[in-house]
Amino acid sequence: MTDAAHPDTLRRSIVRRIAAAQAALLATAAFAGLLPGATILLGLLSSDPPLDVLRAGGAVLLGTAVLRESAAAMSRALLVVGAAGLAFAGCTLVDPHLGGLLTVGAAPLEGVLSAAFGAVSLATARMVMRPRVA
């Protein structure tokens, strides 16, 4: 079997690309949040400074993990981003303004998108940690 067709190499490549895509999406949303307006990306996401900082932090965390090319670092970064996405989605279901922390409040679809983003991150982290079966 060649190195390119090896299952572990293929799995690492897939995980790295998913993490890089998620880092790019978070960075884009964080940058778009700096632009004037209450919503970004066609009204799907709200633009509040705490959310922009959270998005930028997730982008930096995933970006550094991708650049380090360490499976353990990538798994930890994906777990943190996934858990934060699911926690944010759960909190916005209870209170879209997060107890006054968000001035504009979370857009209605933002919780759903955060939950999906978090689920993909956690599933990808699981893919990294999955032991190889011979």
**Message:** Quick one, Glu110 with Ser46, criterion side chain to side chain donor-acceptor pair (under 3.5 Å). Give me CA distance, side-chain angles, the key distance, then yes/no.
**Reply:** CA-CA 8 Å; Glu110 189 160 12; Ser46 60; 2.8 Å; yes

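Contact detail for Gly105 and Asp48: the closest heavy-atom pair is N-OD2, 3.3 Å. Residues Val66 and Ala19 approach most closely at CG2-CB, 3.6 Å, considering heavy atoms. Asp52 approaches Leu34 most closely through the heavy-atom pair OD2-N, 4.3 Å. Of all heavy-atom pairs between Val104 and Ser47, the closest is CG2-O, 4.3 Å. Minimum heavy-atom separation, Ala27 to Ala59: N-CB, 3.6 Å. Between Ala106 and Thr92, the shortest heavy-atom contact is CB-CG2, 3.6 Å.
For the atom pair Leu51 CG and Thr103 OG1, the distance stands at 9.0 Å (nearest 0.5 Å). Here CD1 of Ile14 is found 11.0 Å from OG1 of Thr9. Values are rounded to the nearest 0.5 Å. For the atom pair OG (Ser114) and CG (Leu109), the distance works out to 9.5 Å, reported to the nearest 0.5 Å. Atom OG of Ser75 and atom CE of Met127 lie 12.0 Å apart (nearest 0.5 Å).
Counting only heavy atoms from C-beta outward, the side chains of Leu122 and Leu78 never approach each other to under 4.5 Å. Looking at Phe117 and Leu26, their side chains come closer than 4.5 Å, going by heavy atoms from C-beta outward. The shortest distance between side-chain heavy atoms of Arg55 and Leu25 does not fall below 4.5 Å.
Side-chain N or O atoms of Thr124 include one that pairs as donor or acceptor with a backbone N or O of Val120 at under 3.5 Å.
Hydrophobic clustering (ILVMFWY, side-chain heavy atoms < 4.5 Å, transitive): Val80 and Leu62 are in one cluster. Side-chain heavy atoms closer than 4.5 Å link hydrophobic residues (I, L, V, M, F, W, Y) into clusters, and following such links, possibly through other members, connects Leu86 to Leu79. Residue Ile18 is grouped with residue Met74 when hydrophobic side chains (ILVMFWY) are merged at heavy-atom distances under 4.5 angstrom, including chains of intermediate members. Hydrophobic cluster membership differs between Leu93 and Phe88, with clusters built from Ile, Leu, Val, Met, Phe, Trp and Tyr side chains linked at under 4.5 angstrom.
Residue pairs satisfying the salt bridge (charged side-chain N to carboxylate O under 4.0 Å, His left out) criterion with at least one member in residues 69-89, sequence neighbours excluded, are listed as follows: Arg16-Glu69.
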